[in-house]
Every structure is written in C-alpha cells, then in structure tokens.
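Here is the structure we will look at.
Sequence lines set the chain letters: A, B, ... in the order given, protein chains first and strands last, and positions in each chain run from 1.
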Amino acid sequence: MTSTDSRIARFPFPFPRDQYRYSTNVEPAGNPATTVAGRWGTTHLEIDSRYHEELAERERILTADPSRHQCLPHMVPAAWDAMLTLMRTLAAEYPDTMALDRRGDSWFWRNDLLGIEHTFVFGDLATLPAPPLVYICGQIQEDVVLLDQREGQLWGDAGLVTFAADWSFGFDVGMSFLEIHGPVPRVHSEKIITRAHNFLMRLEPGQSYRRTNWTLTVDGKLDTSTETYPEWGKDRRTLADGPLDEVGDRLFLRTEVQHLIRLAHSGAVMFLIRTYLLPLRDVASVPEWGARLYKVLEDLPVDMAEYKGISRTREPGMRWLAAHGNVEP
Amino acid sequence: MTMVLETVAGAGVTGTLTLTVREARLLCPGVRHVVLTDEGGRALPTFTPGSHIAVNWAEGRHNSYSLTGPSIEPDHYAISVRLDENGHGGSRWVHDLQPGQTVRVSRPRSAFAPILNARHHILVAGGIGVTPMLSHVRAALEWGRSFEVIYSFRDRQGAHADELAALCGDRIVTVSTPEELREALLPKLGDQPLGTHVYTCGPAPMIAAVAEWARECGWPPGRVHSEAFGAGPLPEGNPFAAKLGRTGMIVPVPSGTSLLEALLDKGITVPNLCRQGVCGECRLSVRGGEVEHRDLFLTDEEKASGDSIMPCVSRAVGDRLELEL
Ligand code: FES
C-alpha cells in the first residue's frame, strides 16, 4: 500500500448519508468504523505516517505564537491529568513504541518514535522539559482542549490548539461551552448544543465518546485559525478564481475526529481534536465518496456553508467533482 | 478484575471491578476499614477527589462508600464503613468481610468534586462523613490548594482523626457538638473572601445547618456543596415487557437491561449510536403503555405526547409497553 492508499483507507469519511445537518452525533470511542474504502477509529490517538511532519508543524506554529497554548491557573492539575491519561493511552494503544511505568514516587515515560526516555514526578513542573500540555502535545498529532465543569456549566479553560479550522483558541479560552458555540447557525442547532452540553456534563470518569465534524480547506493547511487568516484567507479566492483543473489537488475535505473523555483525577472533560485532510482527487478515487460529497455540498443550506467558511469553495468543489467524480448529472 | 485497566481512558465503564479484600480492621468503635486490591496486582482506575464506589453486597443490592485512599492509578481502594444497625444489611455485610474474600464494586463515581477554581476550600465533616474529605485533603496538599477542615465527632468516634491531623497540621479543628461546630464555622463563613467554597458531608441535619448558616452569611448557593450519594448513572429501573405491535412478539426487559439491548438481543434491528439518550438514532414509536422518559433528546412536548421512546435509556412506567415494531 502506498501512503496515499493508506491515507484513503484510514480516512474518517464523515457522511453517513447524502444530506448533512447538525446532530449530536456522538458514539462510544474505540470501536472501528468501516467505510467503503477501509476503516478508522480503532484507537483514541492515531499515529500515522505524518507523525513527524505534523509535530514539526505544531512546533513551528507554537514557537511563532505561544498563545496557542493556554492554561488558566486552576487548570494545572487537569493539564497533568490530561498528560498522564494521554501517556497511558499511548502506552496501551502503541505498546511496541510507548511505555509508561510507575517507579515509586516518579513516572518513567518512553516514546521510541521520538527517542524520548524521561522520568518525572507527577505535578512537579521542574521535572518536565515543558508544561504538561506542551510536552504531551509535542508527541501526539491531536489538538487538546480541557473543559472545567462548575456551576452547572463547562468552561474551556485550558488547551493547546495549533490546527484550528477557522476559530481561535486564544480567543475562546475561559469562555463557556455554550458561548463558544454561540455562533452556530439555525434555531434547531441550539437544542443540539444544549443536548451535547448536558451529555458532556454527565460523562463518567474513564468514559470516552467520539464524533466527527468537517469542512473544506484549501491547500491542505492544518493551521487555518483566525489568527493566521491573512495568510490563508485569500486561498479561498485564488481557488475559486483559478483553473478548475487545480481544484482536485488544492481543495481538501477536512474531517475532525473529536474524542470526548472525562479525566478521572481532575474531573475535567478532555476534547481531542484530530484533523485529517484528503484532496478531492483522492476523495473522488473512491466513487461512492465523490458522489456523496457532491450531494452533501449541493444540499447544504447557505447559512451552514457560511458558518463552515466554504461559501466560496463549495461551488468549485462541486464543479470539479461533477467533472471527475462519479456524479450523475 | 473483570476488565482491562491498561487503557485508563476509554475502558468499559459499565463493567464492575472484582477485587480482593487485602485488609479489614476496626478503625474505631463501629467503623470498619476495608482495603481492596486487584488480585493480579494491577493499578486501579484513577478517581476524582470525593468519589465513591458502589459495593455489591447482595443480588441487585449496592451501598455507596467514599474512597479514602490515594487517587492516581492507586494500588488499592480503601473504604471506611460505619455499622448501621437499622440498615438493610449492607454495612453488616461489609463488617463481616475477611481478608481474601472477593468483592464486586463499581468503578469510582464522582459526585462531590472540589471546585478547581476556588481560592479557598472549607471542608466540614460530621462523623463518618469524614470519608470523602480524605481524598479532598490529599489532592489539596498535592496541588497546593488553600484549605481547612472542621471535623465534628463524639467521644472516641473520630474515624481517621489521627490520619487527618497528620495530613492537615494546623489546618484542622475538631469539635464535638453542633454548638461547637457553629462557633467554629460561623466566623469563617462571616469573613471569607470571594471564591471560597464550603463542602459538607455528614448527617442530614448538619448539612442543612451549614447550608442555612452560609445563606445567612450571604453565600450564594453555588459555593455551598454537600455530598449526595446515589447521583451516579441512571437507576437500573423496574423490569417490564415490550410487545411488538406488528408481530405480537413479547420481549422481556429485565432490571438493569435497557429496552434497546433487550430488542437487539432478540435480533431485532434498531439503529443506535450513543446509547445515552442524546443522539436520537434509536427513536421508536409507542402504541400503548406509559413511558418513563430518561433521555435528553425528545422535547418536552414530545415526551408529554408519549408516542415516542428512546429505548437506549427510557423504560416503561408500568409492566407493559407496546411498540410500533
Ligand atoms: S442510541 Fe442515541 S438516543 Fe438512543
């Protein structure tokens, strides 16, 4: 299998039907989901062939803009909790290359993929080369957001997000879950958000669920956060105004797989956000996917397209799919 | 243990743990301390300070007890149980436990967690209500949180009093009557700075008194917490039978099994996703019988009309439900 083939086989194609609407599409995590091209979702944390490349990209973004990492003071225990939970998960899901051992009062962590062997004391910052979220996010491809639960609400009070799609964690930090999702359009969605909120607040320690979200991204950029809009905003226009030929390679279907995990020590809710990008050319190489993406884009109401930031790009995407995908006129 | 613990995040949560009694001793008159471990020596699931486990002491019978030991991937769970002569027999059962015996317990559930952004924590314990405070104090020390403890107990009934004194140093006050408690607590409630939270665990009258004093001192209710057992997952519910309208087939739904599971077990296809009553996938039409709605998906109007049910969580009020299936 070439790496492209395996990327297609493991791509979390997000559309179970020809029409997409908001829903509380959560399901228990850790069970494989099958697609017509393969399967995904056997693990909570996904390490793939882009591991080193994406970690380097994360480090570059974080160095240029340290505000991508945020941790309000009361969230320090939750950040340690998240780090230890992620290490434990890596060790369980990738036992050949990762290990976490308790040695008396300290912990020993090994990550062979990065040649790391490190001993630390839980909670003691002096024993880590970086704050816990920065340290662990340097070893996973997922973005992380931690929500504190208090006063009957969830608050996005810590996280490290370098691959945001059209939002900004630096702006959202400290806001409540409901505020963060305030701009989602449609009356009905309000109910969906409240329902999701209630669901998250009832998550039991150790439980984990997942959901997918999607959008379209130009040129396969992982970082399309609000802060860097000047760098990528014009890409949508150049794509729309450019030759149709290029669209298959320049426009990407972007799926986010989000895992929702109740951290057992701090009680915080951890969101893991993993971004997968597949150019339309690869999407269309699976005939069912090309056809379905076309129908979803064609049907998507204007306000939803606007919110997803794809008003400019969906047209060219559809035209390209009509020419190259398995689309019936 | 019946479940794999290697993956702390995401292991089957509904699974119970089968543990072995490592130690059982009288802590003080009437209070027995029991230490439970995994027979294979594996670490147990991490828990949030203030958590409890449900101990299964007879078929379908559970009692909840706070965990008093360390909380991060601990090598044991410890509970301290006061013998309740007038109870249903659960505490008696625990008091009879001997080392080597096997006990089935739930995973830890958190219903009394510290508020992470509090600036100061006042922990008020009454009698055996001291048990959840131990993990609170451990976590507070670990994370350098500002806290103090007021522990009220009579005579020699101070379970864990020495241990707490050693942990807390000068941050603990012990009292032995409601009046003393009032004298110790009221001044603190009177001049606590913004951001202080108070946590009470003890007999119901004490919880009520603390809440009342806090209210008189102008505390918003959101900063006054008390231990409420039994706020865990949904109750198992009564058994009932589902009749499938089209075929006339009768599907029994035992207590502790969801209607969805019962239908799937019979090979009846019902789409489903979350199994938590939020996603809406499993909705079924109801022809007859009254529904006990426990989902978050249906609107209030839909629930009132009674013609739909989310079988992954909801059940029948009576012993019969007829479905459009
Ligand atoms: S399976 Fe999701 S509501 Fe029942």
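With 3.5 Å as the limit, one finds a donor-acceptor pair spanning the side chains of B:His197 and B:His225. With hydrogens and angles left out, the side-chain atoms of A:Asp112 and A:Thr97 include no donor and acceptor closer than 3.5 Å. At a cut-off of 3.5 Å, with distance as the only test, no side-chain donor of B:Thr48 or A:His265 sits close to an acceptor on the other residue.
In this structure, chain B has heavy atoms under 4.5 Å from both the backbone and the side chain of A:Phe199. The contact between A:Arg102 and chain B is made entirely by side chain atoms (from C-beta outward), counting heavy-atom distances below 4.5 Å. Neither the backbone nor the side chain of A:Trp155 comes within less than 4.5 Å of any heavy atom in chain B. Contacts between A:Asn198 and chain B at a heavy-atom distance below 4.5 Å involve backbone atoms as well as side-chain atoms. Neither the backbone nor the side chain of B:Arg119 has a heavy atom closer than 4.5 Å to any heavy atom of chain A. Interface remark: A:Leu84 contributes side-chain atoms only to the contact with chain B (heavy atom separation under 4.5 Å).
Surrounding CG of A:Asp105 are at most 12 heavy atoms belonging to other residues, nucleotides or ligands under 6.0 Å away.
The cationic group of A:Arg103 does not satisfy the cation-pi geometry with A:Trp109, failing either the under 6.0 Å distance to the six-membered ring centre or the 45° limit from the ring axis. Because its NZ or CZ atom is both nearer than 6.0 Å to the ring centre of A:Tyr276 and within 45° of the ring axis, A:Arg274 counts as a cation-pi partner of that residue.
Note: B:Pro49 leads B:Pro108, B:Pro49, B:Ser135, B:Gly144 in heavy-atom pairs under 4.5 Å with chain A.
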